[in-house]
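One structure is given here, and the rest of the page talks about it.
So that the names make sense, note that chain A is the first sequence line, chain B the second, and so on, each numbered from 1.
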Amino acid sequence: MTETKTQEAGKTRKHLVSAASSSVMIEFTQVNKWYDDFHVLKNIDLTVHQGERIVVCGPSGSGKSTLIRCINHLEEHQSGSIVVDGITLNRNLKNIDYIRTEVGMVFQNFNLFPHLTILENLCLGPIWARKISRADAEDVAMKYLERVKIPEQAEKYPEQLSGGQQQRVAIARSLCMNPKIMLFDEPTSALDPEMIKEVLEVMIELADTGMTMVVVTHEMGFAQIVADRVILMDKGEIVEENEPVAFFNNPQHERTKMFLSQIL
Amino acid sequence: MTIIKPVESPTVTAPLSKNSALRWVRKNLFNSVFNTVLTFVMLYFVYVAGKGMWSWGITDAVWIADTRRECFAISIDGACWAGVYAWFDNIFYGRYPREELWRINLGLVCLVIWMVPLWLPRVKAKISIGMTTVFLYPFLAGYLFSGGAKGVFMQFMVTAAIVCLLVNTLHAIVGVCSGRSLLEFIVTLFGKKNASSKRGRNILVGLFAIIFVVIYIWQMNWTVERIPWTKWGGLFLTLVISGIGIAMALPSGILLALGRRSNLTIVRVFSTTFIELFRSVPVITVLFMATTMFPLFMPQGFVLNKLVQVIIAVCMFNAAYMAETVRGGLQTIPKRQFEAAHTIGLGYWQTMGLIIMPQALKHMIPNIVGNFITLLKDTTLVSIIGLFDVLGMLRSISKDSPWLGLHKEPLVFGAFLFFVICFAMSKYSRHLEVKLSTSHKK
């Protein structure tokens with residue numbers, strides 16, 4: 001049932017991409033990054049167009065999290081250039097603040113604010129960063145809570161929710177900022193198996209709206225359904241980048257073959 | 001092997017608590033012969049000490065007498081509380097003129113009125129009430145306590161403080177009665193149910209401006225007699241010094257702690273130096289430095305009074321201590337919370353004020369209140385540099401001719417006084433902790 005639904009969604013999605021493929025949202029050019037002496041990112045070149053869904057996978061320590069954390073400047077790159085939504089990321093704090101309001105991010109450990117209710121968690125960004133009135137922010141927040149299917153939890157605190165619900169709240173919190181790009185850093189890795197599905201469903205629905213998404217995940221099923229391109233990273237490099245069908249059925253690189261044999 | 005449970009297990013009520021008092025006593029005090037003996041020996045010691053204290057302090061004590069000699073005549077072994085009682089005004093108010101004591105009491109009452117809304121659950125905008133307590137109340141109290149002619153700035157601040165007190169009180173009353181803020185109340189009062197909040201604000205600002213002008217004109221003719229700080233003393237002085245210290249220590253401690261973690265080198269170096277300097281020097285040294293050496297560094301003719309110097313010293317010292325407490329609290333907040341705040345577009349101050357500090361301060365309550373208690377007790381050190389705080393007053397009883405040599409009773413009374421204040425603070429902190437930690441587990 002869900003299979004057919006998502007396949008249909010896939011078709012409309014492809015249509016959206018071709019319509020919007022002209023504008024570039026994220027562009028990495030020869031990006032390098034080091035943690036002290038450790039070379040985490042090596043000569044990364046990557047272009048993401050508006051409306052594209054990119055899934056990044058790879059063994060742990062391969063630099064995939066670092067890669068997407070560079071997009072909203074949670075990590076600073078040392079050489080090369082990253083352009084997000086037409087703005088070059090450098091030490092200009094104004095640019096960084098702007099980028100962060102336009103780029104939403106969902107973390108492995110949800111990172112909700114434990115001292116605030118769900119509704120307050122959602123309203124914080126719109127009120128303080130977007131300067132929207134509280135009433136409007138609450139309307140928007142409720143709209144997105146309904147979209148992630150937990151409007152009844154609005155007055156609860158994060159710790160009263162299950163992991164899956166918390167992650168859906170985290171997604172809603174990012175969406176409340178009305179971002180142009182959504183980054184997902186292993187959103188399902190900290191969840192129990194039965195909760196992974198509910199989070200993935202929300203992500204698939206989000207993909208259907210035409211959101212630009214960069215997702216670090218090991219959920220290969222998700223990648224097959226949603227991704228426009230799948231990227232394999234290993235030892236700080238992009239080893240292989242291809243459309244999902246080709247990536248999974250006909251991997252070119254030795255390391256991709258090995259990775260897929262381990263994970264599938 | 002397959003196991004299938006045929007029926008659901010019934011739920012059973014929990015067994016009776018194993019921690020009943022009798023059980024505890026038997027388990028911990030009389031569980032062996034040796035422990036039983038030990039318990040009885042200790043009970044005997046407690047009895048002897050308690051009996052001694054009881055007969056000295058209560059049964060054999062003298063409550064009404066005019067001199068120490070008279071005390072001795074009535075009971076040679078008992079405490080002479082009459083001496084402490086005769087000095088009550090001095091212990092609480094120092095050498096403040098007796099006919100002006102109402103000013104201190106009024107100041108205290110104002111503080112209580114100012115702070116009560118903070119504890120009322122239905123009142124909104126508690127943060128701004130708290131802020132005005134710290135930043136406006138001192139001007140009102142300062143003028144009440146010291147008096148004299150007011151400069152233009154002082155006139156302005158006193159008026160602002162009075163207006164603020166009125167507004168706060170009104171706001172609190174409205175809040176308790178209707179659960180709304182004063183702004184909402186006034187907007188509906190003027191019959192404009194759906195008036196925009198901007199319009200309501202304009203009405204409110206206009207009203208306050210009128211009240212402000214009225215009070216400003218009134219207070220121009222309101223002066224109270226000047227009382228030099230040298231007359232201040234007793235518990236009053238202790239509370240003034242420690243109160244200002246407490247009010248200033250937390251905000252400046254937070255700023256210093258943030259400064260120490262800052263990415264800006266100058267800010268970080270300054271904060272670190274300040275903190276380490278003041279933390280590695282005993283408080284009494286800081287006090288001596290403030291009163292004897294500080295004037296040497298100042299340009300000639302620039303004279304600050306000793307009390308102000310002492311207060312500055314106490315504030316700086318405690319800011320340094322508080323900074324380390326706050327830094328400890330900040331370290332309990334995982335980096336992920338900062339990142340989450342950044343990703344929804346919050347800037348540095350918003351992240352700190354909305355996300356990090358509220359969580360960190362909650363963890364720090366026991367330490368912060370501990371610092372406050374230490375501060376209050378450390379304030380007694382000012383008696384060494386010649387200020388007659390509560391300890392100084394208690395000690396000068398023994399030099400007063402009718403009560404010559406009366407040392408023990410005043411100090412016991414002082415200990416009792418400090419115990420009451422500090423215990424109340426510590427109890428309140430415990431209450432706060434419980435309240436805040438359960439507030440999101442309803």
Could you walk me through whether F107(A) and R336(B) pass the side-chain contact (heavy atoms from CB on, under 4.5 Å) test, one step at a time?
CA-CA 9 Å; F107(A) 300 87; R336(B) 303 196 299 259; over 6 Å; no
*Do I355(B) and L124(A) pass the side-chain contact (heavy atoms from CB on, under 4.5 Å) test, and can you show the C-alpha distance, the side-chain angles, and the key distance before you say yes or no?*
CA-CA 10 Å; I355(B) 309 296; L124(A) 212 56; 3.1 Å; yes
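Counting heavy-atom neighbours within 6.0 Å of K126(B) NZ, excluding the residue itself, gives a total above 12. Dense packing is recorded around CG of D192(A), with more than 12 heavy atoms of other residues, nucleotides or ligands lying under 6.0 Å away. Surrounding NZ of K94(A) are at most 12 heavy atoms belonging to other residues, nucleotides or ligands under 6.0 Å away.
Of the atoms belonging to E339(B), heavy atoms from both backbone and side chain fall under 4.5 Å from chain A. Neither the backbone nor the side chain of R130(A) comes within contact range of chain B; no heavy atoms are under 4.5 Å apart.
Note that NZ of K335(B) and CG of N111(A) are 11.5 Å apart. Values are rounded to the nearest 0.5 Å.
Between the side chain of H342(B) and the main chain of H73(A), no donor-acceptor pair closer than 3.5 Å is present. Not a single donor-acceptor pair under 3.5 Å links the side chain of Q350(B) to the backbone N or O of G125(A).
Pairing each heavy atom of A129(A) with each of G345(B), the nearest pair is CB-O, 3.3 Å.
Side-chain contact between T101(A) and I344(B): absent, with no pair of heavy atoms (C-beta onward) separated by less than 4.5 Å. The closest side-chain heavy-atom distance from T343(B) to V103(A) is not below 4.5 Å. A heavy-atom distance below 4.5 Å is not found between the side chains of Y348(B) and D97(A).
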